[in-house]
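Computed from heavy atoms alone, side chains included, the values below leave out hydrogens, waters and symmetry copies.
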Amino acid sequence: IENIFQEYLSNTSRTRPISEKSKTLYTTVQNWLIKFKKGLVIADITPDFVAKLEAYFHKCNPNMSLNTTNIYLRIIRAVYNYAVEKGYVTDQHPFKKRSLASSRKVNYGLTKQSYHKILKYSSQDPIAQFGRDFFVLSFECNGNYLSDILRLKNRNIIQTEEGWVLQFVRHKTKKFATPVSLYVTD
């Protein structure tokens with residue numbers, strides 16, 4: 001299995017190369033596979049194997065989320081499909097009955113009481129106070145990313161006829177930038 005992972009990662013015919021961060025994740029998954037079964041070969045990956053591997057993930061790490069499990073299984077599926085494409089193994093459709101979609105993350109809102117506790121929080125530690133201030137600013141700006149807030153300059157605050165406006169460009173990704181305008185209220 002290690003040779004196929006290495007070949008898959010070094011394959012240069014992809015339209016988008018695998019990032020270094022993703023390669024680290026592939027190595028992590030490869031290590032899980034080696035721990036699970038020594039001497040594993042690609043033909044060992046069957047529907048039964050996938051079910052047992054998933055149970056092994058949760059036995060070793062009971063707190064592993066469904067999303068993490070699915071990410072690991074998607075990596076194995078990608079390498080497995082590569083091996084099928086190269087003719088190293090006959091496709092046994094080991095992932096056919098498995099949904100590997102990411103689960104929806106449930107975001108729980110902050111209660112008014114909790115938010116008021118945060119607003120009242122004060123610390124003698126300037127680092128803790130700075131962190132609290134940044135959280136409050138992010139929260140008040142409708143949950144904007146701290147990385148966007150860190151990019152703010154004085155020129156991002158503009159006075160208009162309607163009042164003061166905080167304007168900046170949201171950098172969700174490097175390719176797309178979304179402009180944001182927030183009115184400053186009491």
Side-chain angles (χ1 to χ4, degrees), residues 5 8-9 14-33 53-79 95 98-186:
F5 263 81
Y8 178 82
L9 291 173
R14 286 186 188 85
T15 53
R16 278 184 13 181
I18 298 174
S19 70
E20 288 304 313
K21 184 177 178 183
S22 292
K23 285 182 182 180
T24 302
L25 191 55
Y26 275 78
T27 302
T28 299
V29 172
Q30 181 182 329
N31 291 337
W32 272 100
L33 289 171
L53 179 63
E54 184 176 7
Y56 177 75
F57 287 155
H58 294 290
K59 178 184 171 197
C60 292
N61 186 353
N63 296 324
M64 184 180 284
S65 72
L66 176 61
N67 282 346
T68 300
T69 302
N70 285 343
I71 288 168
Y72 288 1
L73 293 176
R74 282 196 300 264
I75 287 171
I76 297 167
R77 182 180 63 187
V79 174
F95 301 95
R98 290 270 307 126
S99 171
L100 300 180
S102 294
S103 65
R104 293 267 311 145
K105 184 177 179 181
V106 178
N107 292 323
Y108 297 99
L110 198 57
T111 65
K112 281 185 181 182
Q113 294 86 356
S114 296
Y115 186 59
H116 285 293
K117 284 181 185 177
I118 293 169
L119 287 175
K120 290 178 184 174
Y121 174 81
S122 182
S123 175
Q124 297 301 318
D125 179 4
I127 294 172
Q129 191 64 39
F130 184 74
R132 193 278 280 167
D133 293 345
F134 255 73
F135 173 81
V136 169
L137 179 60
S138 171
F139 189 86
E140 292 293 334
C141 290
N142 297 321
N144 281 302
Y145 294 113
L146 292 179
S147 60
D148 288 331
I149 292 172
L150 289 170
R151 291 184 180 96
L152 292 176
K153 306 278 188 242
N154 286 336
R155 65 178 176 264
N156 294 108
I157 301 173
I158 300 163
Q159 188 171 18
T160 66
E161 290 179 13
E162 293 85 25
W164 291 95
V165 178
L166 177 63
Q167 292 182 328
F168 61 95
V169 175
R170 187 166 186 190
H171 295 271
K172 290 171 83 171
T173 65
K174 292 180 182 176
K175 292 181 182 177
F176 305 103
T178 306
V180 176
S181 293
L182 300 167
Y183 286 95
V184 179
T185 64
D186 290 343

### Message
Test side-chain contact (heavy atoms from CB on, under 4.5 Å) on Ile158 and Thr160; report intermediate values, then the result.
### Response
CA-CA 6 Å; Ile158 300 163; Thr160 66; 4.2 Å; yes
Those residues that, when tested against [X], pass side chain to side chain donor-acceptor pair (under 3.5 Å) (two or more places apart):
X: Tyr56; result: none
X: Thr68; result: Ser65
X: His58; result: Thr69

Under 3.5 Å, sequence neighbours excluded: what are the donor-acceptor pairs made by side chains of residues 119-128?
| residue | atom | partner | partner atom | Å |
| --- | --- | --- | --- | --- |
| Ser123 | OG | Asp125 | N | 2.9 |
| Asp125 | OD1 | Ile127 | N | 3.1 |

Does [X] have any side chain to side chain contact (heavy atoms under 4.5 Å, CB included) partners at least two apart in sequence or in another chain, and if so, which?
X: Phe135; result: Leu110, Ile118, Phe139
X: Val169; result: His171, Ala177
X: Leu152; result: Ile149, Asn156, Leu166, Phe168

Residues passing the ring-ring contact (aromatic ring centres under 6.0 Å, His included) test with Phe5, sequence neighbours excluded, are none
For Phe57, the ring-ring contact (aromatic ring centres under 6.0 Å, His included) test, sequence neighbours excluded, returns Trp32, Tyr72
| message | Could you walk me through whether Val165 and Val184 satisfy the side-chain contact (heavy atoms from CB on, under 4.5 Å) test, starting with their C-alpha distance in whole Å, then the side-chain angles of each, then the deciding distance to 0.1 Å, before giving a yes or no? | response | CA-CA 6 Å; Val165 178; Val184 179; over 6 Å; no
Does anything in [range] pair up under salt bridge (Lys or Arg N to Asp or Glu O under 4.0 Å), and if so which pairs, sequence neighbours excluded?
range: residues 149-162; result: Asp148-Arg151
range: residues 21-30; result: Glu20-Lys23
range: residues 55-67; result: none

**OP:** Begin from the C-alpha positions of Leu73 and Arg77 and carry the test side-chain contact (heavy atoms from CB on, under 4.5 Å) through to its verdict.
**Re:** CA-CA 6 Å; Leu73 293 176; Arg77 182 180 63 187; over 6 Å; no
Heavy atoms of Val79 and Tyr8 approach each other most closely as CG2-CD2, 3.9 Å
OH of Tyr26 to CG of Asn31, rounded to nearest 0.5 Å, is 15.0 Å
CD of Gln129 to CZ of Phe134, rounded to nearest 0.5 Å, is 13.0 Å
Would you say that Leu33 contacts Leu53 through its side chain, given a criterion of any heavy-atom pair below 4.5 Å between the two side chains? yes
For Ile75 and Leu25: C-alpha separation, side-chain torsions, deciding distance, then whether side-chain contact (heavy atoms from CB on, under 4.5 Å) applies.
CA-CA 9 Å; Ile75 287 171; Leu25 191 55; 3.6 Å; yes
